[in-house]
Protein chains: 2
Amino acid sequence: MSLRHAVLGLLERRPSTGYELTQTFDRSLRTSWQARHSQIYPELAKLEAAGLVEVVGHGARRSKTYAITPTGRAELRRWLVEAQPDRSQRNESGLRLFLTPLLEQADRRATYQRDLAHVEHELSALKELRSGMAPATDPEVFAPQVELGIRINGVLRDWLLEQIDRAGEPEGSHQ
Amino acid sequence: MSLRHAVLGLLERRPSTGYELTQTFDRSLRTSWQARHSQIYPELAKLEAAGLVEVVGHGARRSKTYAITPTGRAELRRWLVEAQPDRSQRNESGLRLFLTPLLEQADRRATYQRDLAHVEHELSALKELRSGMAPATDPEVFAPQVELGIRINGVLRDWLLEQIDRAGEPEGSHQ
DNA sequence: ACAGTACATGTCAAAATCAACATGTCAAAC
DNA sequence: GTTTGACATGTTGATTTTGACATGTACTGT
C-alpha cells in the first residue's frame with residue numbers, strides 16, 4: 001500500500017488538493033510512483049475516513065484542501081522508519097533495456113538512440129531545475145534528490161553511448 | 001501489458017518452463033519487472049492460445065517447456081522497436097528516498113544507513129556476478145546490463161554516503 | 001456572448017497483480 | 001521406508017491500477 005504513504009508524504013510536505021497531488025505525482029513522482037486522479041480521490045476519502053488526513057479548507061471550484069493529521073504523521077514515520085522496504089520494481093524502460101540485446105544490430109542501435117534522446121532530455125530538465133532552484137525555498141529537502149536524478153541519468157547516458165558505439169563498430173569501423 | 005513482453009523476451013533468450021521463468025523473474029528481472037508464478041502460468045496459457053508461444057517439450061514432474069514462435073518473435077520486436085515506451089515506474093525504494101528528507105535527523109540517518117547496507121550488498125553481488133561470468137556463455141548480451149547495475153548502485157552508494165555525512169554534521173561536528 | 005482551456009472532483013468496469021490455497025513429483029538424506 | 005526439500009503447475013478471491021465516462025467551474029481571449 002505505497003499509494004497511501006505517497007499521499008501522506010506529499011501532504012506532510014504541504015497541504016494540497018487532490019488535483020495538486022495528481023500533478024505532483026505526474027511531475028515529481030513519476031520516476032518513483034505514479035497514480036491517476038481516479039486512484040487519488042478515493043484514496044483521500046479512505047485516508048480521511050481513517051483519520052490520517054483531514055479537510056482544512058474549501059477553495060474555488062469545489063476544491064478541498066487536505067492536510068495530514070498527527071495520526072497520519074505517525075503512520076508515515078512508522079512506514080518510513082520501521083516497515084521493511086519492498087525492493088521490487090516495475091520499470092518498463094528497464095525491461096526494454098534488458099531485452100534490447102536480443103534485437104539485431106540496426107534495431108538495437110535505433111532503440112538505444114531513442115533512449116539516449118530521452119535521457120538527454122531528462123538531464124537538461126533536471127539541470128535547469130537545479131539552477132533555478134531557490135536555495136531558501138526548498139532548503140535541501142529537494143536539492144539532493146535532483147542531484148541524484150542528474151547523476152543516475154548521467155550514468156545512463158554514458159552507458160547508452162557506449163552501447164551505441166559498440167553496436168556501430170562491426171559494420172561502421174575501418175572502411 | 002509488459003508482462004507479456006517480458007515473458008516473450010525471456011523465451012527468445014532460451015526455451016523455458018514456467019518454473020524457470022519464475023526464477024528468472026525473481027533473480028535477474030527483479031529490478032525491472034517482477035511477477036509471481038500465479039501470474040506467469042496463466043500468461044503462458046494465454047500466449048499459447050494466441051499462438052505467440054508453443055510447447056516444445058515435456059520434462060520431468062509434468063513440466064512443459066515453452067518456446068517463442070515466429071509470430072511471438074515479431075510481436076516482441078514490434079514492441080521493442082515500434083511501441084512507444086511507458087517511462088513511468090513503480091519503485092517503493094525511490095518513493096522512500098523521495099520522502100526521507102521529511103524525517104527528523106536521527107531517523108533520516110538511520111534509514112539512509114539501512115539503504116546503504118542494501119546497496120552495498122547489491123553491489124558486491126553484481127561484482128561477483130561480473131567476475132564469475134563466463135565470457136563465452138552470455139557473450140555480451142548480459143555483461144553490459146551487469147555493468148550498468150554496478151554503476152547505478154555506485155552512484156547510489158556515493159549519494160547515500162553524502163547524505164549520511166550531511167545528516168551527521170550539525171550535531172557530530174566540532175566538539 | 002462564446003469558445004476554448006485549465007481547473008477540479010468524482011465513479012465504474014476491466015485488467016493486472018498478489019497472497020493464499022491446492023496438488024502432485026522426484027531425489028537425497030537419514 | 002520415510003521424511004524433507006526442491007521441483008513444478010495450477011486456481012481463486014481480494015486488492016490495486018487503469019482508462020473511460022461523467023460533470024461542473026472559472027478564466028482568458030475574441
Side-chain angles (χ1 to χ4, degrees), chain A residues 1-8 10-11 15-27 29-30 32-50 53-66 79 83-92 95, chain B residues 1-8 10-11 15-27 29-30 32-50 53-66 79 83-92 95:
Chain A
M1 263 196 310
S2 294
L3 174 65
R4 158 158 303 199
H5 299 102
V7 169
L8 285 175
L10 293 184
L11 290 180
S16 313
T17 65
Y19 188 80
E20 286 164 345
L21 291 177
T22 303
Q23 287 182 106
T24 307
F25 268 98
D26 210 45
R27 288 174 193 161
L29 235 51
R30 73 187 184 293
S32 319
W33 206 266
Q34 51 155 5
R36 317 268 166 180
H37 79 272
S38 60
Q39 220 184 339
I40 290 167
Y41 289 117
E43 188 61 40
L44 281 170
K46 270 188 252 171
L47 284 167
E48 195 192 2
V53 307
E54 58 184 347
V55 176
V56 292
H58 294 264
R61 280 166 259 193
R62 302 171 165 191
S63 73
K64 285 182 280 184
T65 300
Y66 289 88
W79 180 74
Q84 60 176 358
D86 174 3
R87 308 276 180 187
S88 66
Q89 297 187 28
R90 280 251 153 57
N91 173 359
E92 198 190 278
L95 176 62
Chain B
M1 262 196 313
S2 293
L3 174 66
R4 158 160 300 200
H5 299 102
V7 169
L8 285 175
L10 293 184
L11 291 180
S16 313
T17 65
Y19 188 80
E20 286 165 344
L21 291 178
T22 304
Q23 287 182 105
T24 307
F25 268 97
D26 210 44
R27 288 175 192 158
L29 235 51
R30 74 188 184 292
S32 316
W33 206 267
Q34 50 154 6
R36 317 270 166 175
H37 78 273
S38 60
Q39 219 185 338
I40 291 168
Y41 289 116
E43 187 62 41
L44 281 169
K46 269 188 253 171
L47 283 167
E48 195 192 1
V53 306
E54 57 185 348
V55 176
V56 293
H58 294 264
R61 280 165 259 195
R62 300 171 166 191
S63 72
K64 284 182 280 183
T65 301
Y66 290 89
W79 180 74
Q84 61 178 357
D86 174 1
R87 309 276 180 188
S88 67
Q89 297 188 28
R90 279 250 154 59
N91 173 359
E92 198 191 277
L95 176 62

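Order of the sequence lines sets the chain letters (A, B, ...), proteins ahead of strands, with each chain counted from 1.
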S.K.: Which atoms of nucleotides 25-29 of chain D (N or O only) lie under 3.5 Å from a protein N or O atom, and what are those distances?
M.R.:
unit_1  : atom_1 : unit_2   : atom_2 : d
dA26(D) : O4'    : Arg61(A) : NE     : 3.4

S.K.: Evaluate side-chain contact (heavy atoms from CB on, under 4.5 Å) for Leu29(A) paired with Thr24(A), printing each intermediate quantity in order.
M.R.: CA-CA 6 Å; Leu29(A) 235 51; Thr24(A) 307; 5.5 Å; no
S.K.: Give me the one residue out of Gln89(B), Arg87(B), Arg90(B) that meets side-chain contact (heavy atoms from CB on, under 4.5 Å) with Asn91(A).
M.R.: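 So the option named by the test is Gln89(B).
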S.K.: Between Thr65(B) and Leu3(A), just flag the one whose closest nucleotide in DNA chain D comes earlier from the 5' side.
M.R.: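 The 5'-side residue here is Thr65(B).
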S.K.: Side chain to side chain donor-acceptor pair (under 3.5 Å) with Arg30(B): which residues, sequence neighbours excluded?
M.R.: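 Here the qualifying residues are Glu122(B).
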S.K.: Expressed in angstrom and rounded to an integer, what is the separation of Asp26(A) atom CG from dC7(C) atom P?
M.R.: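 For the pair Asp26(A) CG and dC7(C) P, the rounded distance is 12 Å.
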S.K.: Extract from the structure each pairing of a protein N or O with an N or O of nucleotides 10-12 of chain C at less than 3.5 Å, listing the distance.
M.R.:
unit_1  : atom_1 : unit_2   : atom_2 : d
dG10(C) : OP1    : Lys64(A) : NZ     : 3.0
dG10(C) : N7     : His37(A) : NE2    : 3.3
dG10(C) : O6     : His37(A) : NE2    : 2.7

S.K.: Could you go through the side-chain contact (heavy atoms from CB on, under 4.5 Å) check for Tyr66(B) and Leu10(B) one step at a time?
M.R.: CA-CA 10 Å; Tyr66(B) 290 89; Leu10(B) 293 184; over 6 Å; no
S.K.: Find the distance Leu29(B):CG to dT17(C):P and express it as a whole number of Å.
M.R.: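 So the two atoms are 13 Å apart, to the nearest Å.
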S.K.: Can you list everything that forms a salt bridge (Lys or Arg N to Asp or Glu O under 4.0 Å) with Glu92(A)? Sequence neighbours excluded, please.
M.R.: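 If we apply the salt bridge (Lys or Arg N to Asp or Glu O under 4.0 Å) test to Glu92(A), skipping adjacent residues, the hits are Arg96(A).
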S.K.: Measure from the side-chain heavy atoms of Arg90(B) and tell me the nearest of dA8(C), dT17(D), dA8(D).
M.R.: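 Given the options dA8(C), dT17(D), dA8(D), the side chain of Arg90(B) is closest to dT17(D).
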S.K.: In whole angstroms, how far is the P atom of dT9(C) from the NZ atom of Lys46(A)?
M.R.: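 Those two atoms, NZ and P, are 18 Å apart.
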S.K.: What is the separation between atom CG on Leu44(B) and atom C1' on dT11(D), rounded to the nearest whole Å?
M.R.: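 Roughly 15 Å, once rounded to whole Å.
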S.K.: Grab the two heavy atoms, one from Leu95(B) and one from Ser2(A), that are nearest each other, plus how far apart they are.
M.R.: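 Taking Leu95(B) first and Ser2(A) second, the nearest heavy atoms are CD2-O, 3.8 Å.
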S.K.: Could you check how far CZ of Arg30(A) sits from P of dT18(D), rounded to whole Å?
M.R.: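 Rounded to the whole Å, the gap is 16 Å.
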S.K.: Using the side chain to side chain donor-acceptor pair (under 3.5 Å) criterion, which residues pair with Asp26(A)? Sequence neighbours excluded.
M.R.: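 Testing Asp26(A) for side chain to side chain donor-acceptor pair (under 3.5 Å), a comparison that skips the adjacent residues, returns none.
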S.K.: Do any side-chain nitrogens or oxygens of Tyr19(A) fall under 4.0 Å of OP1 or OP2 in dT9(C)?
M.R.: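 So the side-chain polar atoms of Tyr19(A) never come under 4.0 Å of the phosphate oxygens OP1 or OP2 of dT9(C).
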S.K.: Which part of the nucleic acid, if any, lies within reach of Arg4(A) when heavy atoms closer than 4.0 Å are counted: base, sugar-phosphate only, or nothing?
M.R.: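 Counting heavy atoms under 4.0 Å across all strands, no contact is made by Arg4(A).
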S.K.: Report the distance from atom CD of Gln23(A) to atom P of dA8(C), rounded to the nearest whole Å.
M.R.: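 Result: 8 Å.
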S.K.: Quick one: list whatever passes side chain to side chain donor-acceptor pair (under 3.5 Å) with Gln23(B), sequence neighbours left out.
M.R.: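 Result, side chain to side chain donor-acceptor pair (under 3.5 Å) vs Gln23(B): Arg27(B).
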S.K.: How many Å lie between CE on Met1(B) and C1' on dA15(C), as a whole number?
M.R.: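 One finds 10 Å between C1' of dA15(C) and CE of Met1(B), rounded.
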S.K.: Asp86(A) has an atom CG; how far is it from atom P of dT16(D), in whole Å?
M.R.: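 Checked: the CG to P distance equals 13 Å.
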S.K.: Locate the shortest heavy-atom distance separating Leu44(A) from Gly18(A); write the atom from each residue and the value.
M.R.: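 Heavy-atom minimum between the residues: CD1-CA, 3.7 Å.
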S.K.: For the side chain of Arg36(B), starting at C-beta, report the closest nucleotide among dT18(D), dT9(C), dC18(C).
M.R.: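 Of dT18(D), dT9(C), dC18(C), dC18(C) is nearest to the side chain of Arg36(B).
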